[in-house]
2 protein chains.
Amino acid sequence: MLVRMELRQLKGFVAVATSGSVTAAANDLGLAPASVSEQVRRLEAGLGVALFERTARGMRLTEPGTALLARAQGLLDHADEVRRAVTGARRRVRIGALEMLAAAKLPAVIRRLAERRPDLDVSVESRTRQSLLDAVAGGRLDAALLLDLGDRVGGLGFARPAGMDHVDVGEVRLSLVAAPDGDREPLLVSPSGCSIRLAADQLFGAEVPRRELSSITTAREWSRQGLGAALLPDFALGSDLDSGALVELGLDAPALALRLVWMREREPSLRDVLYALSAS
Amino acid sequence: MLVRMELRQLKGFVAVATSGSVTAAANDLGLAPASVSEQVRRLEAGLGVALFERTARGMRLTEPGTALLARAQGLLDHADEVRRAVTGARRRVRIGALEMLAAAKLPAVIRRLAERRPDLDVSVESRTRQSLLDAVAGGRLDAALLLDLGDRVGGLGFARPAGMDHVDVGEVRLSLVAAPDGDREPLLVSPSGCSIRLAADQLFGAEVPRRELSSITTAREWSRQGLGAALLPDFALGSDLDSGALVELGLDAPALALRLVWMREREPSLRDVLYALSAS
DNA sequence: GGGAGCATTCGGGAAAGCCTTATGCTGGTT
DNA sequence: AACCAGCATAAGGCTTTCCCGAATGCTCCC
């Protein structure tokens with residue numbers, strides 16, 4: 001066989017292709033950029049095909065490169081499945097979650113997964129949404145838990161890589177609240193980019209006067225002190241409604257979806273694992 | 001990732017596991033035995049598992065080794081499929097056939113394959129049955145064309161490796177013939193091991209007096225000269241019946257199946273290719 | 001025009017892959 | 001009982017691959 005294509009080289013290729021840069025890929029892999037560059041070069045030589053166009057600003061996939069990317073992760077997953085079958089190693093699923101959700105929502109999801117698939121080791125990390133999406137696209141995470149809206153990933157209004165599948169594993173209710181005798185304006189919002197802020201932007205448009213605060217928690221605190229209204233997720237409300245510290249302003253906001261997303265081309269058995277989380 | 005498992009090592013492992021010996025595997029791979037031995041050792045170190053028990057007479061698979069063998073060829077096939085998709089290389093299907101069939105029956109089979117799957121390159125070699133079965137089991141051939149009987153591979157009475165699938169792509173009629181005015185005994189048979197001989201053994205048992213000749217062609221020649229009866233396949237009869245050189249002795253022998261066999265665990269797309277040959 | 005950010009080249013050291021030859025094992029032969 | 005055939009593997013040596021840090025060259029942007 002003239003053709004040489006080794007799994008190690010494919011790992012390097014996938015890292016470069018998904019991160020778009022040799023430097024970033026090298027960081028992910030814990031290698032020097034020169035090493036990754038050479039891996040890619042050897043892979044291209046082995047296949048007899050140019051996988052990237054080199055630009056001064058990074059690497060752009062060629063048409064054969066795109067074809068390889070669509071298949072390489074699946075092959076690596078297959079190899080890993082073989083490895084696990086032979087060594088008896090437990091499968092490790094790496095799940096990331098929005099920092100906002102890690103404390104309040106993630107434990108229940110992980111517990112359900114542990115109950116249904118006790119054969120898995122689950123590892124968890126929390127990050128920002130963009131970092132999560134990048135990590136999922138780059139294969140550094142198997143799936144990510146975030147907040148979203150509608151039938152497609154990104155319905156809440158954020159950009160996401162193509163090729164993602166999702167399943168909704170729960171809901172997060174939103175309430176527009178204010179202190180009982182406090183102001184109903186302005187709308188106290190978290191920084192742009194925050195999921196709740198995206199929801200507020202979709203619900204109220206740009207007309208409503210607003211004040212941007214550093215976090216959801218801060219918005220809640222300000223609203224308790226009567227400085228305005230806040231759109232808060234159920235997990236951030238605590239007992240403020242029961243205690244009367246905050247009252248609901250009667251908005252029938254749509255619930256946000258607690259959504260697990262992953263790359264469609266990953267091995268089918270990953271899909272099974274993740275769907276195990278969906279049916280309640 | 002601590003674990004190292006490279007495709008090259010898997011190739012070596014498969015070769016050793018299927019041939020049962022490092023030496024034979026090295027021949028197949030075109031490497032020195034020491035190199036293959038080292039490949040296997042490194043693979044075992046990488047997986048952290050013993051794949052073989054070393055005996056003085058060869059290598060015997062351990063339980064994890066068996067698990068790997070069942071999956072490794074599928075992974076290599078997957079890798080090859082990815083390679084083809086990326087390089088645009090045409091798929092090459094290696095088919096072997098019994099020497100007896102190569103001239104008479106193989107061309108029609110190959111022509112049909114070329115018509116139905118013009119995207120394939122087909123390579124052909126002819127060998128003895130045992131050599132064919134070994135090559136198929138060892139992955140050196142994708143499939144083999146041979147003569148058989150009944151619903152299972154080996155129904156004609158030969159030993160075959162486990163895990164083979166098959167599809168019948170045609171029939172070979174058998175006729176018991178003799179010269180019009182020649183002897184009807186003894187039964188002129190080809191050497192043991194020949195498919196026609198196996199069929200004769202099944203049909204007539206051990207009682208019938210027989211004379212063993214060096215080939216089917218010789219048996220036909222002897223029977224034309226009146227020295228006995230012969231069980232001949234349609235493709236070996238030529239025009240002897242039409243010309244009256246031989247007459248049929250009125251035996252309703254079952255037709256042999258022209259049977260394509262391959263290893264079940266090979267990639268599904270191979271199965272599709274081969275099944276393309278079955279429907280007439 | 002200078003600098004930031006990028007990929008690549010270069011030189012060298014460590015590891016892997018491969019070879020041939022040598023060694024040790026076991027089971028069958030004479 | 002000694003020997004030999006066949007096997008896997010160790011030893012030694014060469015070549016290639018892999019990886020590193022440092023240097024180089026490129027382009028875009030300020």
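Each chain gets a letter, A, B and so on, in the order the sequences are listed, and its residues count up from 1.
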[X] and [Y]: which non-hydrogen atoms are nearest, and at how many Å?
X     : Y     : value
A/S19 : A/D28 : CB-OD2, 4.5 Å
B/A26 : B/A32 : CB-C, 3.7 Å
A/G65 : A/F13 : O-CZ, 3.4 Å

>> Rounded to the nearest 0.5 Å, what separates atom CD in B/Q39 from atom CG in B/L29?
In response: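 B/Q39 atom CD to B/L29 atom CG measures 7.0 Å (nearest 0.5 Å).
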
> What's the spacing between B/M5 CE and B/L75 CG if we round to 0.5 Å?
Replying inline: 5.5 Å

Which whole-number value in Å describes the distance from [X] [atom1] to [N] [atom2]?
X     : N      : atom1 : atom2 : value
A/L29 : D/dC19 : CG    : C1'   : 13 Å
A/K11 : D/dC19 : NZ    : C1'   : 16 Å
A/L31 : D/dG21 : CG    : C1'   : 14 Å

>> Applying a 4.0 Å non-hydrogen cut-off, can you work out what A/G12 is touching in the nucleic acid: base, sugar-phosphate, or nothing?
In response: nothing

>> Can you confirm whether A/R90 is buried at CZ, in the sense that more than 12 heavy atoms of other residues, nucleotides or ligands lie under 6.0 Å from that atom?
In response: yes

>> Does A/R84 have more than 12 heavy atoms from other residues, nucleotides or ligands lying within 6.0 Å of its CZ?
In response: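 Yes, CZ of A/R84 has more than 12 neighbouring heavy atoms, counting only those of other groups under 6.0 Å.
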
Measure all distances between protein nitrogen or oxygen atoms and nitrogen or oxygen atoms of nucleotides 3-10 of chain D, and list the pairs falling under 3.5 Å.
{"unit_1": "D/dA8", "atom_1": "OP1", "unit_2": "B/V22", "atom_2": "N", "d": "2.4"}
{"unit_1": "D/dA8", "atom_1": "OP2", "unit_2": "B/V22", "atom_2": "N", "d": "3.4"}
{"unit_1": "D/dA8", "atom_1": "OP2", "unit_2": "B/T23", "atom_2": "N", "d": "2.9"}
{"unit_1": "D/dA8", "atom_1": "OP2", "unit_2": "B/T23", "atom_2": "OG1", "d": "2.5"}
{"unit_1": "D/dT9", "atom_1": "OP1", "unit_2": "B/R54", "atom_2": "NE", "d": "2.2"}
{"unit_1": "D/dT9", "atom_1": "OP1", "unit_2": "B/R54", "atom_2": "NH2", "d": "3.3"}
{"unit_1": "D/dT9", "atom_1": "OP2", "unit_2": "B/S37", "atom_2": "OG", "d": "2.7"}

> From the 5' end of DNA chain C to its 3' end, which nucleotides mark the outer limits of contact with chain B, defined by a 4.0 Å heavy-atom distance cut-off (strictly under)?
Replying inline: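 Taking any atom under 4.0 Å from a heavy atom of chain B, the span is C/dA16 to C/dG27.
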
> If we only count heavy atoms from C-beta on, is the A/L47 to B/T87 side-chain gap below 4.5 Å?
Replying inline: yes

